[in-house]
Amino acid sequence: MPGIRVLLTWTLVAAPVAAQGVPVAPLPARGFDARIASAEPDLRQFGAVVALQGDVAVVSNPRDIVAFPPGAGTPAVHVFRRSDDDWSEETVLTAPDPSTGFGDALAVCDGFVLVGEPGWGPAGEGAVHVYASARGAWSEVQLLPGPPGASDFRAGISLSASRRRLAVGGDRVRVYALNAGAWALEQELDPVASGKAALHGDHLVALAPSLGDGGVAFFRGEPVVGVDLAAGPPSPPSAGRGTVRRWSLVSSFDVPTVVGGIFASHGFGASLAVGDAWAFIGAPNDDPFQFSEDYLAGVVYAFRRLGDAWFLAPDLAPPESPGDPYSTELHFGQSLALEDDTLWVGAPSHHHHSNESFPSIPLLVPSPGKVHRFDRVGDTWTPAGGLGDHPASAFRPQSMLAVGADELLVGIGQDSASSGSTPSHLSAFSFDAVLRWTAGGAGAETVVDTTGDGTHPLLQPQALARNAAGDLFIASYGDARVFRWDGAVLHTVVDAAGAGPGDGLSRPIALAVDAAGNLFVAGAGSSNVLKVTPGGAVTEIIDSSTAGFSVPRFLVVDPLGRVFVAGSSAGQGNVFRVDPDGTITLVLHRDVFGPGSFLVVGGLAVDGAANVYATGVFTDNVARIRSNGVVGEFMTSADGLDAPRSLAVDATGNLFVSASHPAGGSRIWRRTPAGVIQSVIGPAGDGVVPLASVTGLAVDPGGTLFVGHQDTALEEQLSYGGVFRLPPGGPVTGILFGDLDPSPNGGHQAIRHGTSLAAHAGTVLVGADQVEVHYESPPGGTTDDSGPGEVLVYEVSSGR
């Protein structure tokens, strides 16, 4: 009703608890109401295209590109029907020819399901298949082909239905009208319109590639009763059943005029949406080789109608992502859905990170996609939240700390990492939020996320530490701060000023607390370690003036108050000890057991007897530095170690070590005080979810081991991850997992949320197809690291 605005409310319906443990609730607490998935496994592109009207939703799996296993993912369109709040698959419409793009475009209108197949026909003229249902049985009732013999006409590259009319994109844009149960050609539009088109009532927007380097054209449909159109529809609707419309060009824009030529070849026109007075065109930057900041984000161009003329309005950019100065919304504008005064914008791959080695070439890190919401306020469109980041799809435990007998703190998410099995110490590992898991509780709760306390955001948080009083300290790597979190407010403990002039702090990357409550902070950028007393006094205890010390990465404090720190120094394998009186000693180095016998520290741990342990990643060993300073090899490759990394020690002296497994994945070794070495967790994990790449170990006072892991597809950095729990005596169980709905082949949940969008009467469908990822494991073999696509259903208003 004009003049009345309704505040939309979000409804969160809990997802089923996975069999292997308690799923992680989405962060922030904005969830979906239902998940639509096909009964067929391994449909990688399921969700690539969606359409919705009323209680009918259609979802396509349009292509069979790099299918794994061979033959999987046959192009098809799946029809779902809603009953109450449940969606069930009613039928599957299969492709007559797997190579012609069946399902590249979809529409639902007045009980018909329309499927575009732009490669149909002997000359590639394309077609639209029209399906109708009789008592639940769907059948093809009509075919709308492109002009006979028209070479590469490509009819059906887009479909848009509104008020008993259908706009069909192709080499020419055609409008069809529904009359007496059949679709009849009403008009083939002005030749300037070519490619995709979007229709709403009497307004139509279409791409116009013939304008300069490409452009956009706007049409208006005017009723014409009893007059045949120039294009001559075969059976023009009669005045009694419908009114013929003549579609006339009213405005057009040359792309360079619109966007300065920037996006002419970088995705301009990937998506279109039009309403009564507004139109939007997505330019998501689909060129992966454009690394300039101007190209990364994507943009949505807005047009405003005044009378019959359309004018360019301010464009829409992704809202700034708090918590990461390098974050951006990749492919923002890949999909659009407009309903009344709400615009939904899909950004199916939403993150990148700066590359410290080559700042001009950002590292592109695929992440679960986002869907942004913009609301119209007067003549402007303003960000109004979204449909969740789906962090559960990429739950990557990165920093863990077990405190007390029944509580676990987990830092989740990761902004960047190096490829392969040997991440560089220079890589910025960070988490997006801190979860608290309590034994016997209902699940994981959010302690704090990167929005911080609303005044102080966390920028790439790197490490957690907790003192005996229960204070939680968080290192904010991106803005050189360490905060104390009291549950509501972030209090700055130390910032970039550090200990004073010349003793600043940059890129805090590790934290440790001693028995007296002193906090120690390792600065990777400032190559130093700071000590912060409970009273707030800050001193520097070691810096790069110490020969062989630079870029600290790992930090522990023993029961005697001695600080041990390791990092990426020129000598590699260096571990320094800083005594309470300030004495600095190099206690471990690369040649400690012979030339090149200890290379690249992968982790540090300390036991209750003040023995410190360090892993040698490249030399496949663990060194023990006794409390009296004597150094020896504690475990070697002869014990089965392969690239050991994370360490943890329990109260009785059992040492746990994560390492690679010859067959792939990871395993956890335990060495008892008596010297017995055994594998306690292998690549099979808990038998349901495998143990891939271990990201952290922690042991609680009762001896329960917690293992954070992520399943990483090398360069692509795709991950679901989780946490295993091993109490004394076992068995191994999973307690937190990001993959809420693991596929039969153990693959990931789809990550490209926002690939496609559809909205109707307060329901929004979010399509999430899957990226095809293949890598060699073992060498010479092929491992598929992707899973089926899905569609998430959101109810954004109380009524339909």
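Everything quoted here is computed from the prediction, not taken from an experiment.
- Annotation: side chain of Tyr176 is not in contact with side chain of Cys109 (no heavy-atom distance under 4.5 Å).
- Without hydrogens or angle criteria, Ser60 side chain to Gly103 main chain gives a donor-acceptor distance under 3.5 Å.
- Atom CG of Leu336 is separated from atom CG of Leu316 by 9.0 Å, given to the nearest 0.5 angstrom.
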Determine, stepwise, if the pair Arg246 / Glu222 fulfils salt bridge (charged side-chain N to carboxylate O under 4.0 Å, His left out). CA-CA 5 Å; Arg246 183 188 303 277; Glu222 295 287 352; over 6 Å; no

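- Contact check for Phe102 versus Thr94: no side-chain heavy atoms found under the 4.5 Å cut-off.
- Every residue two or more places apart in sequence or in another chain that forms a side-chain hydrogen bond (donor to acceptor under 3.5 Å, both in side chains) with His200 is listed here: Asp276.
- No side-chain donor-acceptor contact under 3.5 Å links Asp315 to the backbone of Tyr301.
- The two atoms that bring Val175 and Leu204 nearest to each other are CG2-CD1, 3.8 Å, heavy atoms only.
- Side-chain atoms of Leu144 and Val130, non-hydrogen and from C-beta on, do get closer than 4.5 Å to each other.
- Residue Thr342 holds its OG1 atom at 4.5 Å from CG of Asp375, rounded to the nearest 0.5 Å.
- Between the side chain of Ser252 and the backbone N or O of Ala217, no donor-acceptor pair lies under 3.5 Å.
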Determine, stepwise, if the pair Ile281 / Phe268 fulfils side chain to side chain contact (heavy atoms under 4.5 Å, CB included). CA-CA 7 Å; Ile281 298 181; Phe268 180 81; 3.9 Å; yes

Derivation of the salt bridge (charged side-chain N to carboxylate O under 4.0 Å, His left out) call for Arg81 and Asp55: CA-CA 6 Å; Arg81 188 176 296 275; Asp55 292 325; over 6 Å; no

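- Asp340 meets the salt bridge (Lys or Arg N to Asp or Glu O under 4.0 Å) test with no other residue; sequence neighbours excluded.
- The backbone N or O of Arg245 sits less than 3.5 Å from a side-chain atom of Glu186, completing a donor-acceptor pair.
- Counting heavy atoms from C-beta outward, Phe153 and Arg172 have side chains that approach closer than 4.5 Å.
- Shortest non-hydrogen contact noted between Ala337 and Leu757 is CB-CB, 3.9 Å.
- For the pair His203 and Phe218, the minimum side-chain heavy-atom distance is 4.5 Å or more.
- The two residues Trp120 and Pro145 make their nearest non-hydrogen contact at CZ3-CB, 3.6 Å.
- Among all heavy-atom pairs drawn from Ser194 and Asp171, the shortest one is OG-O, 2.9 Å.
- One finds the CZ atom of Arg373 at 9.5 Å from the OG1 atom of Thr382 (value rounded to the nearest 0.5 Å).
- Scanning both residues, Ala132 and Val141, for their nearest heavy atoms gives CB-CG1, 3.9 Å.
- Under the 3.5 Å distance criterion, the side-chain polar atoms of Lys196 are left unmatched by any main-chain donor or acceptor of Leu207.
- Counting only distance, with no hydrogens or angles, the side chain of Gln53 and the backbone of Asp110 share a donor-acceptor pair below 3.5 Å.
- Of the candidates Leu52, Leu765, Val764, Leu765 is the only one forming a side-chain contact (heavy atoms from CB on, under 4.5 Å) with Val793.
- Contact check for Leu106 versus Val108: no side-chain heavy atoms found under the 4.5 Å cut-off.
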Evaluate the criterion salt bridge (charged side-chain N to carboxylate O under 4.0 Å, His left out) for residue pair Arg82 and Asp84; output intermediate values, then yes/no. CA-CA 6 Å; Arg82 174 170 48 191; Asp84 295 327; over 6 Å; no

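- A 4.5 Å side-chain heavy-atom check between Phe80 and Glu90 finds every atom pair outside the cut-off.
- Looking at heavy atoms from C-beta onward, Val79 lies in side-chain contact with Val56 at the 4.5 angstrom threshold.
- The main-chain N or O of Val115 is never found under 3.5 Å from a side-chain atom of His129 such that the two would form a donor-acceptor pair.
- Aromatic ring orientation, Trp381 versus Phe280: perpendicular (interplanar angle above 60°, classes split at 30° and 60°).
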Does the side chain to side chain contact (heavy atoms under 4.5 Å, CB included) test come out yes or no for Phe112 and Leu178, once each step is laid out? CA-CA 10 Å; Phe112 293 96; Leu178 180 61; 3.8 Å; yes

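- Arg305 CZ to Trp278 CH2: the interatomic distance, rounded to the nearest 0.5 Å, is 11.5 Å.
- Closest heavy-atom contact between Val92 and Ala76: CG1-CB, 3.8 Å.
- Distance check: Glu140 CD to Leu93 CG gives 9.0 Å after rounding to the nearest 0.5 Å.
- Side-chain atoms of Glu339 come within 3.5 Å of backbone N or O of Ala761 as a donor-acceptor pair.
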Side chain to side chain contact (heavy atoms under 4.5 Å, CB included) evaluation trace for Asp104 with Val49: CA-CA 7 Å; Asp104 275 3; Val49 186; 5.8 Å; no

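- Judged purely by atom type and a 3.5 angstrom limit, Ser158 uses its side chain to pair as donor or acceptor with the backbone of Ala197.
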For Arg220 and Trp247: C-alpha separation, side-chain torsions, deciding distance, then whether side chain to side chain contact (heavy atoms under 4.5 Å, CB included) applies. CA-CA 5 Å; Arg220 178 173 176 81; Trp247 294 86; 5.8 Å; no

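- With hydrogens and angles disregarded, no donor-acceptor distance shorter than 3.5 Å links the side chain of Ser133 to the backbone of Trp138.
- With sequence neighbours left out, Ala309 forms a side chain to side chain contact (heavy atoms under 4.5 Å, CB included) with Ser251, Phe311.
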